[in-house]
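Below is one structure, written out as structure tokens; comments come after it.
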Amino acid sequence: MNNFTIYKKTLCFSFRKILFDFLMLLLIAGACVGGFLITNVAMNNGLIGLIIGLVIGCIVAGILSHFLAYALKAGQIAMMTRAITDGELPDDVYAEGKKMVKERFLTVAAFYAVTNVIKGIFNQIGRAITGVGKALGGDAGQGVGSAISSAIQILVGYLCDCCLGWVFYRKEQGSVRATLEGAVLFFKHGKTLIRNVGRIFGIGLLSLAVVGGAFFGITYLIFSFFPNAFVELSKTILEIGEDIPAWVSNPTYLALVVAAIIGVTIWSFIHTNFIRPFILAGVLRNYIKSGMEDIPTEESFKMLDGKSKKFADLHAQLDH
């Protein structure tokens with residue numbers, strides 16, 4: 001199966017995930033509107049209620065996402081991995097994906113324990129690169145190291161997903177050992193996997209420009225029909241305090257900023273659920289194939305013991 005076929009056959013997870021995200025967005029918007037209306041009537045200050053509603057809505061959405069959305073992401077990665085390793089997928093991809101997630105991670109806590117360890121390993125290594133840059137070149141070196149570390153943070157998301165795919169592939173192994181193997185793979189086959197960097201950043205920037213730009217333009221066009229709304233919003237914000245940025249006093253600038261935020265938010269939903277999986281299919285294939293040809297051994301674990309305390313601690317658990 002080629003990458004595009006895998007992408008198409010696992011889109012069932014993407015459609016469900018974006019529907020879930022949309023419902024969470026409606027939940028947050030509803031909480032904001034409710035808070036605004038209640039405090040506007042009770043205190044004649046709807047902005048305070050809007051902020052309170054935003055906080056409450058985000059907390060509830062975060063909890064629901066923590067316990068529900070994880071299965072959709074994990075299920076998609078599991079099915080992509082199966083397509084790469086077996087060359088085929090079952091008729092009911094969604095049901096099989098849920099089954100694989102339940103079999104590999106008996107609880108939500110088990111899933112997040114593995115993903116948090118994976119993130120911790122790669123994040124520690126990214127911080128180490130920043131430290132080396134500072135030691136070698138002072139502030140200038142730190143800047144270079146920070147830039148590299150920032151780029152690594154983008155890659156970390158893909159590496160975590162690939163490592164999770166490896167955990168699904170190595171189902172005969174415990175999740176701890178499979179996680180260690182997955183982390184080692186990147187560093188053993190870095191030259192092979194680095195080919196994905198152009199794809200990740202190139203397609204990501206293109207989608208931001210096209211999708212984010214389009215929704216920014218549409219949103220700002222809609223706002224242009226309601227100029228008085230931003231005049232009032234600007235006045236309300238300025239009444240809060242003295243440390244408000246000066247551009248807020250200009251309704252046009254305020255509308256541009258709000259439109260940009262909305263554009264980037266919508267782009268984030270679309271990119272995460274539809275464009276990122278397309279990129280991931282190719283990245284995951286290179287990652288899994290490199291591991292299948294050279295499965296990490298106990299000896300290879302030592303190469304990361306000195307680079308990440310989380311890795312070393314996890315490695316030590318295998319000896320007990």
Side-chain angles (χ1 to χ4, degrees), residues 6-7 9-21 23-24 60-86 88-90 92-124 156-186 272-273 276-277 280-281 283-285 287-288 291-292 295-296 301 304 308 310-320:
I6 294 173
Y7 168 70
K9 286 186 174 293
T10 56
L11 273 177
C12 53
F13 294 96
S14 294
F15 285 119
R16 287 173 170 82
K17 180 63 168 55
I18 201 166
L19 176 60
F20 179 85
D21 289 342
L23 291 175
M24 293 303 97
V60 174
I63 293 173
L64 292 175
S65 296
H66 184 83
F67 287 97
L68 298 176
Y70 87 96
L72 295 173
K73 177 181 179 179
Q76 188 171 39
I77 293 172
M79 287 292 92
M80 282 185 171
T81 301
R82 179 164 172 177
I84 291 167
T85 56
D86 296 353
E88 60 182 6
L89 285 172
D92 194 340
V93 174
Y94 179 68
E96 185 64 20
K98 288 199 303 181
K99 179 183 175 183
M100 286 185 66
V101 173
K102 289 179 180 178
E103 289 175 350
R104 196 56 165 134
F105 303 105
L106 298 178
T107 65
V108 177
F111 170 81
Y112 281 108
V114 169
T115 55
N116 286 336
V117 166
I118 294 170
K119 289 179 182 178
I121 291 170
F122 287 115
N123 283 334
Q124 280 186 338
V156 162
Y158 286 92
L159 292 175
C160 288
D161 290 350
C162 289
C163 195
L164 186 58
W166 183 258
V167 173
F168 279 115
Y169 169 64
R170 296 282 283 168
K171 54 183 178 292
E172 74 281 2
Q173 298 290 336
S175 60
V176 172
R177 184 177 186 83
T179 299
L180 294 176
E181 291 177 349
V184 167
L185 277 181
F186 174 74
T272 299
N273 293 299
R276 192 176 186 280
L280 181 61
V283 177
L284 184 62
R285 180 185 293 278
Y287 188 94
I288 296 294
M292 292 172 67
I295 294 177
F301 290 171
L304 281 186
S308 169
K310 280 185 176 293
F311 184 94
D313 291 343
L314 201 64
H315 187 191
Q317 293 181 23
L318 294 179
D319 299 328
H320 296 85

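No hydrogens, no waters, no symmetry mates; every other heavy atom, side chains included, goes into these values. Note that the structure is a prediction, hence the values are computed from the model and not measured.
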Inset, instruction - Apply salt bridge (charged side-chain N to carboxylate O under 4.0 Å, His left out) to R82 and E88, showing your working. - result: CA-CA 7 Å; R82 179 164 172 177; E88 60 182 6; 6.0 Å; no
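- The two residues E181 and I295 have their closest heavy-atom pair at OE2-CG2, 4.2 Å.
- Between Y169 and I84, the closest side-chain pair of non-hydrogen atoms is not below 4.5 Å.
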Legend entry - Criterion side chain to side chain contact (heavy atoms under 4.5 Å, CB included) on L64 and F20, from CA distance to verdict: CA-CA 10 Å; L64 292 175; F20 179 85; 4.2 Å; yes
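- Closest of all the heavy-atom pairs between M80 and P277 is CE-O, 3.3 Å.
- Not counting sequence neighbours, E103 has no partner by the side-chain hydrogen bond (donor to acceptor under 3.5 Å, both in side chains) test.
- Note: I18 CD1 to T272 OG1 = 9.0 Å, rounded to the nearest 0.5 Å.
- Considering only heavy atoms from C-beta on, Y70 comes within 4.5 Å of V101 through its side chain.
- Judged by distance alone, the side chain of Q76 and the main-chain N or O of T10 form a donor-acceptor pair under 3.5 Å.
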Inset, instruction - Using the side chain to side chain contact (heavy atoms under 4.5 Å, CB included) rule, take V167 and Q173 through it: C-alpha gap first, then chi angles, then the decisive distance, then the call. - result: CA-CA 8 Å; V167 173; Q173 298 290 336; over 6 Å; no
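- Side chains of M24 and V60 form no contact here, defined as non-hydrogen atoms less than 4.5 Å apart.
- For the residue pair Y287 and C163, the shortest heavy atom distance occurs at OH-CA, 3.7 Å.
- The shortest side-chain heavy-atom distance between L72 and Y94 falls under the 4.5 Å cut-off.
- With rounding to the nearest 0.5 Å, the separation of CD1 in I6 from CG in L11 is 12.0 Å.
- What you find for A69 and K17 is that their closest heavy atoms are CB-CE, 3.9 Å.
- Put simply, the side chain of K73 reaches to within 4.5 Å of the side chain of I77, judged on heavy atoms.
- Aromatic ring centroids of F168 and F105 lie under 6.0 Å apart.
- The two residues C12 and R16 have their closest heavy-atom pair at O-NH1, 3.2 Å.
- Between L180 atom CG and L185 atom CG the span is 11.0 Å, to the nearest 0.5 Å.
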Inset, instruction - Check the pair L284 / Y158 against side chain to side chain contact (heavy atoms under 4.5 Å, CB included), numbers first and verdict last. - result: CA-CA 8 Å; L284 184 62; Y158 286 92; over 6 Å; no
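- Between H315 and F301, the two ring planes are perpendicular [angle over 60°; tilted spans 30° to 60°].
- Contact check on E172 versus R170 returns a salt bridge, with a Lys/Arg side-chain nitrogen under 4.0 Å from an Asp/Glu carboxylate oxygen.
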Inset, instruction - Apply the test side chain to side chain contact (heavy atoms under 4.5 Å, CB included) to residues L280 and C162: give CA-CA distance (whole Å), side-chain angles for both, the deciding distance (0.1 Å), then the verdict. - result: CA-CA 8 Å; L280 181 61; C162 289; 4.2 Å; yes
